[in-house]
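Quick note on labels: first sequence line is chain A, next is B, and so on, each numbered from 1. Values below: every heavy atom of this structure, side chains too, minus hydrogens, waters and symmetry copies.
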Amino acid sequence: LTEAADQNGIVLANLPAGPTERRIAFAVGLAILVIAGVVAPFASVQLPENAAWIPITSTYVFIADLVTWALLISQYDIVRRAALLVLASGFLFTALMAVPLLLSFPGTFTEAGLLGDGVQTNGWLSAFWVSGYPLAAIGYAVLKDRVPGAPGSHGPSRTAVAVSVAVSVVIVLALTWIATAGEPYLPKIFLNRARATVSIHYVGALLLLLNAIALLLLWLRQRSVIGLWLMVVMSGSTANALVGWILTPGRFSLAFYVGRSFLVITATVMLIVLLTETMTLYERLAVSIFAQRRERESRMMTMEALAASIAHELNQPLAAVVTNGSAALRWLDRPVPNLLEARASLQQIVRDGHRAAEVLGSVRSLFQVANRERSPLFVNVIIREVLELAGTELRSERVLVLTDLATDLPRMVASQGQLQEVILNLVRNAVDAMRPITDRARVLKVSSTFVSGQGVLIAVADTGTGIDPKNVEGLFDAFFTTKPHGTGMGLAICRSIVEAHGGRLSAAPNKPHGAVFRFTLPVEDESSPHPAPSPS
Amino acid sequence: LAKKTVISIVDDDESARKALANLMRSLDFSAAAFASGESFLRSNRLHGTACLIADVQMPEMTGLELHSRLVASGRPIPTILITAYHDERVRAQALNAGVVSYLTKPFNESELLACIDSALGDQRTGRRES
């Protein structure tokens, strides 16, 4: 479960199964077992021999298990978990086993099968084949908690996959050899092409045991999506062992057909689950990549907008300086120099120069919040100043302003300009948030209270559009903005200012509408737990 | 005494407006300064203006919109657009619309004079006659 968090839920082996998925898996598994139970009393009913049944199901399982193997290998490539490689190899094994199984089936190609085999060959190959599912699941469940290797290094992964493929092929070849060349030495499970012996039930019991162990281990150790659906596969495999081996009278009985159907169903289930889960993950990745790209682009745009507005603010006074300079020269260059006009031009240049310096100063204050002069001050005074400063805007937007300012607040040590900037920013944000509101009152409420142990709490509440829950996280990040022309600097600056003063800035929904921004600032004498009376 | 050529200046930025008017007066033009396109359109200097210098970015009516209004009214005035924020797209748009020139602040006096000269074109230039 902790690993699931590490991989951000993008790897199937780590993805925890959701409640809905658990319910569906449980329903499918139960349905399989119920079908097995219903079929059981009629297991010995002989049915007509269908020549296409074996080739079709074998080919189907071959392809389905091969694709499952490929999907599992791609998962292994990401997380390098030995458990996944073992499970994948299991599916490769069952896929490959379908080949000799088909070739050796009596009657499909020749009367005795293509491999020059005896009566027992196909039966044993079939037993080896179906044991592949529980063995792979056991391997997966046992190895599940093994620490994965470092992802990203492709060399070892390729080698491991190549080795696993080689091992699977060798095992399939070896088992095929045992079942053909060693056929005379194998226990007799078939009397003839159709009838099974009593021994087949012992093989079935063994298979049932293997499946039971696999199911138990998965139940105990597995909580991931793959583990969950593997349990469904195991229930199909269990049903196959029960119906197709323990209850079967031989080939072409109801048990024979149904037993194999269980394997077809489970192969399909595993394939569909892997495909849909992979597609879902792919979709999720694509969405998050697009979101990231959009975010990056919008940040670049706001940076550009910020640079443009700074350039604009600086170019205005600079242009005036240049123009006034030209004018001053012209006034002096006249046949009769006009000293009065030249003097006025130079005075204007001095003024514009100061203005340019002010622009730069305010840009600096945007980015440099730590070292500004601080002095003892009363926050209520600043709040009133800000409301006066924003008065025109508040009136033109028809915002009703309410204040609830505590009268006996202690003084606090803060930078007056910065504190003003914070409150003004919050007020302007509130106005922006209320601009689209037409069906209810636009109310701005600014309050100040003393909170013992924290200092002075200032709250700016509005009845605007509120904060989208999905934006809460990035709200205070630099260059984060939801406004069409915002720079995204406002709240980021506010927060750095408040934090530089030892306070905290937070946002919350306002009731019933809008948002409320609160920040605390420590008071001058932090040791005093009670508000000091206002000094004169 | 010949009547001086009237140059009208429309800029919402006060110091920029004042500086341009100052320069125009030092060049012996008659300068008329306005804080917005509307106030210029309403003024009695509209008809006497030989050349208009207008800022591009203004809150109510942009310099380009002002120029279009003049063209639409059938009394186009040779217009020089000035801006503190250069934008190639706006520049192309402005020149397409028949603006004499598009200058980025801060600009040289000589640049501006060249533009005024070409704006006044064959009109008599008060500056040279006085």
Colleague: Please classify the contact between Asn22(B) and chain A as side chain, backbone, both or neither, with a heavy-atom cut-off of under 4.5 Å.
Modeller: both
Colleague: Considering only heavy atoms, which portion of Asn324(A) lies under 4.5 Å from any heavy atom of chain B: side chain, backbone, both, or neither?
Modeller: both
Colleague: Is the backbone N or O of Ser26(B) less than 3.5 Å from a side-chain atom of Arg334(A), with the two atoms forming a donor-acceptor pair by type?
Modeller: yes
Colleague: Are more than 12 heavy atoms from other residues, nucleotides or ligands located less than 6.0 Å from atom CZ of Arg75(B)?
Modeller: no
Colleague: Hydrogens and angles aside, do Gln348(A) and Lys18(B) bring a side-chain donor and acceptor to less than 3.5 Å of each other?
Modeller: no
Colleague: Just verifying a value: how many Å separate Ser326(A) OG and Leu112(B) CG, rounded to the nearest 0.5 Å?
Modeller: 9.0 Å
Colleague: Within a reach of under 6.0 Å around CD of Gln347(A), are more than 12 heavy atoms found that belong to other residues, nucleotides or ligands?
Modeller: yes
Colleague: Verify the neighbour count for atom CZ of Arg435(A): are there more than 12 heavy atoms of other residues, nucleotides or ligands below 6.0 Å?
Modeller: yes
Colleague: Verify the distance criterion only: is there a donor paired with an acceptor across the side chains of Ser15(B) and Arg355(A) at less than 3.5 Å?
Modeller: yes
Colleague: Which bit of Arg17(B) comes within less than 4.5 Å of chain A, counting heavy atoms only: side chain, backbone, both or neither?
Modeller: neither
Colleague: Tell me the closest heavy-atom pair linking Ala19(B) and Ala320(A), and the distance in Å.
Modeller: CB-O, 3.7 Å
Colleague: What distance separates Glu109(B) CD from Thr323(A) OG1, expressed to the nearest 0.5 Å?
Modeller: 9.0 Å
Colleague: Please look at Asp87(B) and chain A and tell me whether the side chain, the backbone, both or neither of the residue comes under 4.5 angstrom of a heavy atom of that chain.
Modeller: neither
Colleague: Quick one: closest heavy-atom pair of Pro106(B) and Ala319(A), and the distance?
Modeller: CB-CA, 3.5 Å
Colleague: Do other residues, nucleotides or ligands put more than 12 heavy atoms under 6.0 Å from the CG atom of Leu402(A)?
Modeller: yes
Colleague: Taking atom CG of Asn315(A) and atom CZ of Phe107(B), what is their separation to the nearest 0.5 Å?
Modeller: 10.5 Å
